[in-house]
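Step one of this worksheet: look at the structure below.
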Protein chains: 2
Amino acid sequence: MKRSLADRIEQYIKVLIDRSEEKQIEIQRAELAETFCCVPSQVTYVISTRFQEKYGYLTESRRGGKGFVRITRFTISSDIYTIMDGDKLFDFVNELMGKKMLDSESGNMLKHIVLSASSDLDDEQRKHLYNSVARALSEYLNLN
Amino acid sequence: MKRSLADRIEQYIKVLIDRSEEKQIEIQRAELAETFCCVPSQVTYVISTRFQEKYGYLTESRRGGKGFVRITRFTISSDIYTIMDGDKLFDFVNELMGKKMLDSESGNMLKHIVLSASSDLDDEQRKHLYNSVARALSEYLNLN
DNA sequence: ACGAAGAAAGTCAAATAAAGTCAAATAGGA
DNA sequence: TCCTATTTGACTTTATTTGACTTTCTTCGT
């Protein structure tokens, strides 16, 4: 079972993230390509296929001199909070704060933002937003 | 995290502003260039790319003898980004984190949640969400 | 007071560095 | 075989660095 180059690069990046303090790394695309003796676009391929948002990663980058690719990991979860309304979301956030899984700074900010951002949505969209936020939050906190 | 010359100059200036009483500094372009062993226009480059109004800075200058560059920091409001897209929202959040107005814990969480929550929206709704979040965030942080 | 000299900052474009895009070629598995 | 994932490289876009040249002030000598 010979692993492809792409697989090996993927593993390498994941190890780097594991070892990082913030679950976040910054790499130079060209340097990594050098390490694996491949073209730089191979790295782009790996990042774009394996480190997508749906797999729990956020990537940002900058071109030009001293450019970089930053990859941040969040852990994916299944969606347990499928039926979520505003109150439940707030209860959920409060509970997380109570359990010290979310600091009150972040929790309060989130409540404010969600409330404000949902104020001009219709019921359908609002419910959708609450669900997305609940899911994203539990992903972020590595619940489930 | 290797930083470019431009990044280092940017940091240096930001520290000076942090330490200043009035959130305002006056520098001599040539002197700063001397400090960093670079050409003066490098400083101009940094100022014009990093200390723009949209990032919450006002710059003024005078040429000739006793010339100077004055940089003033003010609190940004989301209104500056009239049409907010994902990148601008992320810039906004990154900028706030850089200014320590938002801790990196909260900022990273927010980026994740917004990205995740916007993934299954159409362009119209996504843009709307970004704007709402930007507005809500600046409300929360008491900007404006 | 006036004009010339010198001091600073600005402008702009070239050179270089790095990442992204895209599509053709190839490999591997059902 | 046929389909999908991978590999490669030519070309594009964006960011940084540098330096020659321009503009705008201040100062100084007359």
Side-chain angles (χ1 to χ4, degrees), chain A residues 1-14 16-17 24-55 57-72, chain B residues 1-14 16-17 24-55 57-72 85-92 94-95 98 115:
Chain A
M1 204 261 282
K2 186 84 162 50
R3 286 154 84 231
S4 68
L5 216 202
D7 289 339
R8 285 183 287 121
I9 294 173
E10 176 190 2
Q11 276 315 113
Y12 183 84
I13 292 174
K14 286 183 171 172
L16 290 184
I17 296 175
Q24 179 178 89
I25 58 163
E26 273 182 24
I27 55 172
Q28 308 247 191
R29 189 183 75 145
E31 196 182 280
L32 190 50
E34 179 78 16
T35 303
F36 284 91
C37 298
C38 64
V39 294
S41 57
Q42 176 73 274
V43 175
T44 303
Y45 172 72
V46 172
I47 289 167
S48 66
T49 55
R50 273 79 156 166
F51 294 88
Q52 297 166 6
E53 203 268 330
K54 65 178 177 182
Y55 298 132
Y57 295 90
L58 168 67
T59 68
E60 299 165 278
S61 70
R62 198 169 71 192
R63 301 185 186 192
K66 296 290 192 302
F68 61 82
V69 176
R70 178 162 54 227
I71 305 175
T72 309
Chain B
M1 184 151 73
K2 288 176 291 190
R3 284 292 197 35
S4 66
L5 216 202
D7 289 337
R8 285 184 285 120
I9 294 173
E10 176 191 2
Q11 275 312 114
Y12 183 83
I13 293 174
K14 286 182 172 174
L16 290 184
I17 296 175
Q24 177 180 91
I25 57 162
E26 273 182 25
I27 55 173
Q28 309 251 191
R29 189 183 75 146
E31 193 183 282
L32 189 50
E34 180 76 17
T35 302
F36 284 90
C37 299
C38 65
V39 295
S41 58
Q42 176 73 272
V43 175
T44 304
Y45 171 74
V46 172
I47 289 166
S48 67
T49 55
R50 284 38 176 195
F51 294 87
Q52 299 166 5
E53 192 190 341
K54 64 178 183 177
Y55 297 131
Y57 296 90
L58 168 67
T59 68
E60 302 163 278
S61 69
R62 202 167 68 203
R63 302 182 185 193
K66 296 285 194 317
F68 61 83
V69 177
R70 178 161 53 225
I71 304 175
T72 310
D85 62 20
D87 285 345
K88 286 182 187 156
L89 176 57
F90 275 37
D91 283 350
F92 183 43
N94 286 334
E95 189 66 28
L115 189 61

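Computed from a predicted model, the values in this text were never measured in an experiment. Below, chains carry the letters A, B, ... as their sequence lines are ordered, and counting in each starts from 1.
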Q. So, is A:T44 near the phosphate of C:dG20, with a side-chain N or O under 4.0 Å from OP1 or OP2?
A. yes
Q) Does the A:Q52 side chain pair with the main chain of A:S48, one donor and one acceptor, at a distance under 3.5 Å? A) yes
Q.
If I take atom CD1 in residue A:I9 and atom C1' in nucleotide D:dT8, what distance separates them, rounded to the nearest angstrom?
A. 12 Å
**Q.** Euclidean distance, atom CZ of residue B:R3 to atom P of D:dA15 [Å, nearest integer]
**A.** 16 Å
Q | B:F36, CZ atom: more than 12 neighbouring heavy atoms under 6.0 Å | A | yes
Q) How long is the line joining CZ of A:R70 and P of C:dA18, in whole Å? A) 17 Å
Q.
Base, sugar-phosphate or nothing for A:F68? Non-hydrogen atoms, less than 4.0 Å.
A. sugar-phosphate
Q) Quick one: is C:dA8 close enough that its OP1 or OP2 comes under 4.0 Å of any side-chain N or O from B:Q28? A) no
Q. Any idea which of C:dA9, D:dA5, D:dG9 is nearest the A:S41 side chain?
A. D:dG9
Q: Examine D:dT22: is either OP1 or OP2 under 4.0 Å from a nitrogen or oxygen in the side chain of B:R63? Give yes or no.
A: no
Q: Assess whether side-chain hydrogen bond (donor to acceptor under 3.5 Å, both in side chains) is satisfied between B:T44 and B:R29, documenting all intermediate values.
A: CA-CA 8 Å; B:T44 304; B:R29 189 183 75 146; 2.8 Å; yes
Q: Check the distance between C:dG20's P and B:D87's CG and give it to me in whole angstrom.
A: 12 Å
Q) How long is the line joining CD of B:Q42 and P of C:dA14, in whole Å? A) 19 Å
Q) Quick one: B:Y45 OH to D:dT18 P, roughly how many Å, whole number? A) 12 Å
Q: Considering just the side-chain nitrogens and oxygens of A:R29, establish if one lies under 4.0 Å of OP1 or OP2 belonging to D:dT14.
A: no
Q: Can you tell me the distance, in whole Å, between the CD atom of B:E26 and the P atom of D:dC25?
A: 15 Å
Q. Over how many whole Å does the gap from B:K66 atom NZ to C:dA5 atom C1' extend?
A. 16 Å
(Q) Which nucleotide wins on minimum distance to the side chain of A:V69, given the candidates D:dT7, C:dG20, D:dT26? (A) C:dG20
Q. Do you know which of A:L32, A:I71, A:I25 makes side chain to side chain contact (heavy atoms under 4.5 Å, CB included) with A:L16?
A. A:I25
Q | From D:dC25, D:dT6, D:dT16, nucleotide with atom closest to A:D7 side chain | A | D:dT6
Q) OP1 or OP2 of C:dG10 less than 4.0 angstrom from a side-chain nitrogen or oxygen of B:S61, does that happen here? A) yes
Q. Take atom CZ in B:F68; do more than 12 heavy atoms of anything else shown fall under 6.0 Å from it?
A. yes
Q) Between B:G65 and A:V39, which has a closest nucleotide on DNA chain D that is more 5'? A) A:V39
